[in-house]
Amino acid sequence: MADVEEKKYIPKKEVSSFIFGLCGQNMVYSLIGASFFTYFMTDIAMFPAAIVSVLLIAMKVWDGVNDPIVGSFIDRHTFKNGEKLRPFLKYTPLPVGIFTVLMFLVFSTAEDLLWLRVAYFVIVYICWDLVYTVQDVAVWGITAMVSPNSSERDKFVQWARTIGSCVYGALSVGIPMVLEMIANAKGVSMALVTAVFAVIFGLGGAMISYRCSKAQERIRVNQAEQ
């Protein structure tokens, strides 16, 4: 046991790749997990305040239902190659990026199309939240499998959480300010600027998050023992 605790299993390149990928994931979440998302719905997509309140409540309820379902599915599922999590980190970035971009498209603000815009938004958000949750569970689940050395795992998680939180915090504050500055300077609509930023930070960040799949599952779960 002492030898296991002293030996280092995770190469520096793998650590840097995972943290870089996590920064990409936080680029995506900085668009949706912060106050900018509410601002987008009320001031850019022009949803009435009452509908935004209902949508926010419904989103929280869906998150509460979605998380345990996804967690249970991933816990029970094992891929043919014996891995449980790494394939999810390969397959989820693209749909996460696509649904992020789709969520920030404002195709109309006409009142007679309000029901259609709300339905579109709800469907896209449900799809986004589903694939993002799969990715997020896999991202943090694999941190417990990268090394049999507990102290090495702890350092791996600490670095990931610290740098990821810094990226999320900086972008959550910076994105709304930059969006407004660009819109005012160029004389273009906030809807257009937001769509461009959704491509850069949503689709671009999601593609960067693919780097999380470089983490290896060095601790395998024995399905027969579960």
Side-chain angles (χ1 to χ4, degrees), residues 21-45 47-79 84-106 114-145 157 160-162 164-169 171-173 175-176 194 198 201-203 205-206 209 212-213 221 226:
L22 193 63
C23 290
Q25 190 200 34
N26 279 278
M27 288 172 61
V28 176
Y29 198 62
S30 65
L31 293 171
I32 296 172
S35 58
F36 170 71
F37 194 50
T38 304
Y39 172 75
F40 165 77
M41 289 192 289
T42 55
D43 290 43
I44 300 176
F47 288 129
I51 290 180
V52 172
S53 299
V54 173
L55 287 175
L56 290 174
I57 294 172
M59 286 156 57
K60 292 294 183 183
V61 172
W62 167 246
D63 287 343
V65 173
N66 178 47
D67 290 353
I69 293 175
V70 171
S72 177
F73 167 75
I74 292 178
D75 187 53
R76 295 169 181 269
H77 185 271
T78 301
F79 289 86
K84 287 186 66 68
L85 301 174
R86 204 163 73 91
F88 288 120
L89 301 178
K90 294 180 180 179
Y91 303 145
T92 53
L94 182 58
V96 166
I98 291 173
F99 285 123
T100 302
V101 174
L102 291 177
M103 200 167 358
F104 286 95
L105 295 182
V106 181
L114 179 60
W115 68 272
L116 183 60
R117 294 196 297 123
V118 171
Y120 168 84
F121 180 84
V122 169
I123 292 170
V124 173
Y125 179 82
I126 289 174
C127 294
W128 176 87
D129 194 46
L130 184 62
V131 291
Y132 183 86
T133 302
V134 172
Q135 183 189 43
D136 197 51
V137 170
V139 163
W140 293 111
I142 204 169
T143 60
M145 306 171 75
V157 174
R161 288 195 180 279
T162 300
S165 297
C166 289
V167 170
Y168 171 74
L171 292 178
S172 297
V173 175
I175 285 178
T194 301
F201 289 91
L203 185 58
S209 71
C212 288
S213 66
V221 176
Q226 287 188 332

Is there a side chain to side chain contact (heavy atoms under 4.5 Å, CB included) between Cys212 and Gln25? Walk through the geometry before answering.
CA-CA 9 Å; Cys212 288; Gln25 190 200 34; 5.7 Å; no
Given the rule in the side chain to side chain contact (heavy atoms under 4.5 Å, CB included) test, do Lys84 and Phe79 qualify, once you have shown the distances and angles that lead to the verdict?
CA-CA 6 Å; Lys84 287 186 66 68; Phe79 289 86; 5.8 Å; no
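- The distance from atom CD1 of Ile74 to atom CD1 of Ile69, rounded to the nearest 0.5 Å, is 12.0 Å.
- Checked against side chain to side chain contact (heavy atoms under 4.5 Å, CB included), Val122 has the following partners two or more places apart in sequence or in another chain: Leu55, Val118, Ile126.
- You'll find the side chain of Ser30 reaches within 4.5 Å of the side chain of Ile175, heavy atoms only.
- Note: Phe36 and Phe104 have parallel aromatic rings, judged against thresholds of 30 and 60 degrees for the angle between ring planes.
- Rounding to the nearest 0.5 Å places CZ of Phe121 at 6.0 Å from CZ of Phe47.
- Nearest heavy-atom pair, Met145 versus Gly141, reported as atom, atom and distance to 0.1 Å: CG-O, 3.8 Å.
- Using a 4.5 Å heavy-atom threshold, the side chains of Lys60 and Ile57 count as separate.
- The closest side-chain heavy-atom distance from Leu114 to Pro48 is below 4.5 Å.
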Decide side chain to side chain contact (heavy atoms under 4.5 Å, CB included) for Met103 and Leu31; before the verdict, give the C-alpha distance in whole Å, the side-chain angles of both, and the deciding distance to 0.1 Å.
CA-CA 10 Å; Met103 200 167 358; Leu31 293 171; over 6 Å; no
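- Arg117 meets the salt bridge (Lys or Arg N to Asp or Glu O under 4.0 Å) test with no other residue; sequence neighbours excluded.
- Using a distance-only test at 3.5 Å, with no hydrogens or angles considered, a donor-acceptor pair links the side chain of Ser53 to the main chain of Ala49.
- Minimum interatomic distance between Gly164 and Leu22 (heavy atoms only, all atoms of both residues): CA-CD2, 4.5 Å.
- From Asp129, atom CG reaches atom CE of Met59 across 8.0 Å, with rounding to the nearest 0.5 Å.
- The aromatic rings of Trp128 and Tyr132 sit parallel, their planes meeting at an angle under 30°, below the 60° perpendicular limit.
- Two residues are said to be in side-chain contact when any heavy atoms from C-beta on lie closer than 4.5 Å; Ile32 and Phe40 fail this criterion.
- Expressed to the nearest 0.5 Å, how far CD1 of Ile123 lies from CZ of Phe99 amounts to 10.5 Å.
- What you find for Ser209 and Gln135 is that their closest heavy atoms are OG-NE2, 2.8 Å.
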Working note: Arg86 + Ile142, criterion side chain to side chain contact (heavy atoms under 4.5 Å, CB included); need CA distance, chi angles, decisive distance, verdict.
CA-CA 7 Å; Arg86 204 163 73 91; Ile142 204 169; 4.1 Å; yes
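- Heavy-atom minimum distance, Gly202 versus Val28: O-CG2, 3.3 Å.
- Expressed to the nearest 0.5 Å, how far OG1 of Thr194 lies from CG of Leu105 amounts to 10.5 Å.
- Leu102 has its side chain within reach of Tyr120: a pair of non-hydrogen atoms, C-beta onward, lies under 4.5 Å apart.
- Note: His77 NE2 to Phe88 CZ = 5.5 Å, rounded to the nearest 0.5 Å.
- Evaluated for a side-chain contact (heavy atoms from CB on, under 4.5 Å) with Thr133, the options Thr92, Asn66, Asp63, Val96 yield exactly one hit, Asn66.
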